[in-house]
Amino acid sequence: MRGGFGWLGLALSLGTVQAAVAPDLSLEQQARRADLIVRGSLGTPQTVTESSVTWRVYPLTLTETVAGDAGRLPRQAEQPALYVWSEAGDLPQWRTGQDAFFLLYTARLDSPLVGYNQGYYPVVDGKVELPGQSAPAPQTPATPTPATPVPANPLLPEPQRPVSGAIPQHQASGVPPEQPQPVQPGPGLTELAPPPADDAPDAPPVTGPVRDPEVLPGLPSAAAPPVTAPAVTASQQVTVDEFRALLLRARSAGQGREQ
């Protein structure tokens with residue numbers, strides 16, 4: 001991890017402002033990468049300029065050393081201190097006198113915290129909050145969508161109206177229309193009666209409101225896809241002793257892999 005922040009030391013030496021981007025690290029990764037893990041509280045910071053670089057220097061009162069050599073920390077006025085580059089942003093809000101665990105690099109970087117801003121764990125009421133983990137996102141039940149209604153009584157097509165001014169076909173062609181031949185009654189036949197007259201052959205369609213169509217039973221309804229809510233970040237609190245045990249277990253596992 002220190003190699004990943006080597007360019008930050010170069011940026012500091014040149015006095016240029018760079019944006020630090022660090023990947024999210026689990027607690028186990030932070031513990032394995034830290035040069036030093038201590039518990040203590042910070043005092044009021046002072047501004048110190050060294051080699052044209054301005055720092056915010058926080059005096060550190062140590063309560064215990066969990067791992068590493070606390071003598072490797074920078075010192076200010078004969079006291080261990082944390083040096084933070086004055087141009088660094090997006091860092092934890094440190095409060096004077098706040099009891100906390102610090103997972104640190106000992107090299108002079110823009111931020112001494114592992115992961116730039118992740119290696120800081122305040123102790124509140126004897127408990128420490130672990131890094132959040134993404135919990136499964138809850139799903140909203142699907143809302144059924146009604147099927148497309150099918151009308152029980154479909155409307156008939158609108159009858160065709162005669163076009164005004166149209167010329168009959170026999171007049172346009174000059175051929176007289178064929179005259180129907182009368183049916184002569186013969187033996188065993190009776191004269192056919194003409195069909196009853198249609199009172200309204202070209203009656204316009206009904207223009208009033210049509211009653212609501214009915215949905216036929218048994219038709220499947222399209223179900224809407226489930227709505228997925230954003231992932232919820234779950235946090236867990238452990239006691240100070242449990243937190244210390246997690247740190248030591250992670251470092252032991254990391255040393256076992258290196259060997």
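Keep in mind that what you see is a predicted model, and the values were worked out from it rather than measured.
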Straight-line distance of [X] [atom1] to [Y] [atom2], nearest 0.5 Å:
X    : Y    : atom1 : atom2 : result
R251 : L103 : CZ    : CG    : 8.5 Å
Q236 : L130 : CD    : CG    : 5.5 Å
K127 : T239 : NZ    : OG1   : 8.0 Å
I37  : L104 : CD1   : CG    : 9.0 Å

Could you tell me whether the side chain of [Y] reaches within less than 4.5 Å of the side chain of [X], counting heavy atoms only?
X    : Y   : value
F102 : L60 : yes
T47  : W55 : no
L247 : L27 : yes
T63  : S41 : no

State plainly whether the residues D241 and R244 are in salt-bridge range, i.e. N to O under 4.0 Å.
yes
Ionic contact status for E50 with R108, cut-off 4.0 Å
yes
Stepwise side-chain hydrogen bond (donor to acceptor under 3.5 Å, both in side chains) test for Y83 and Q76
CA-CA 9 Å; Y83 277 66; Q76 173 68 16; 3.2 Å; yes
Using the rule that two of Ile, Leu, Val, Met, Phe, Trp, Tyr join whenever any of their side-chain heavy atoms come within less than 4.5 Å, decide whether V124 and L246 are in one cluster.
no
List the steps and the verdict of side chain to side chain contact (heavy atoms under 4.5 Å, CB included) for L91 and V84.
CA-CA 10 Å; L91 291 173; V84 180; 3.3 Å; yes
As a quick check of understanding, evaluate side chain to side chain contact (heavy atoms under 4.5 Å, CB included) for Y120 and F101, giving each step before the final call.
CA-CA 6 Å; Y120 171 68; F101 284 90; over 6 Å; no
Crowding at CZ, R95 (>12 non-hydrogen neighbours, <6.0 Å)
no
Can you tell me if CD on Q46 sees more than 12 non-hydrogen neighbours from other groups inside 6.0 Å?
no
Does V114 form a side chain to side chain contact (heavy atoms under 4.5 Å, CB included) with D35? I'd like the steps, not just the answer.
CA-CA 9 Å; V114 172; D35 296 327; over 6 Å; no
What class does the angle between the rings of Y121 and F243 fall in, given that below 30° is parallel, 30 to 60° is tilted and above 60° is perpendicular?
tilted
Mind running side chain to side chain contact (heavy atoms under 4.5 Å, CB included) on R39 and T65 for me, showing each step along the way?
CA-CA 6 Å; R39 179 182 177 185; T65 300; over 6 Å; no
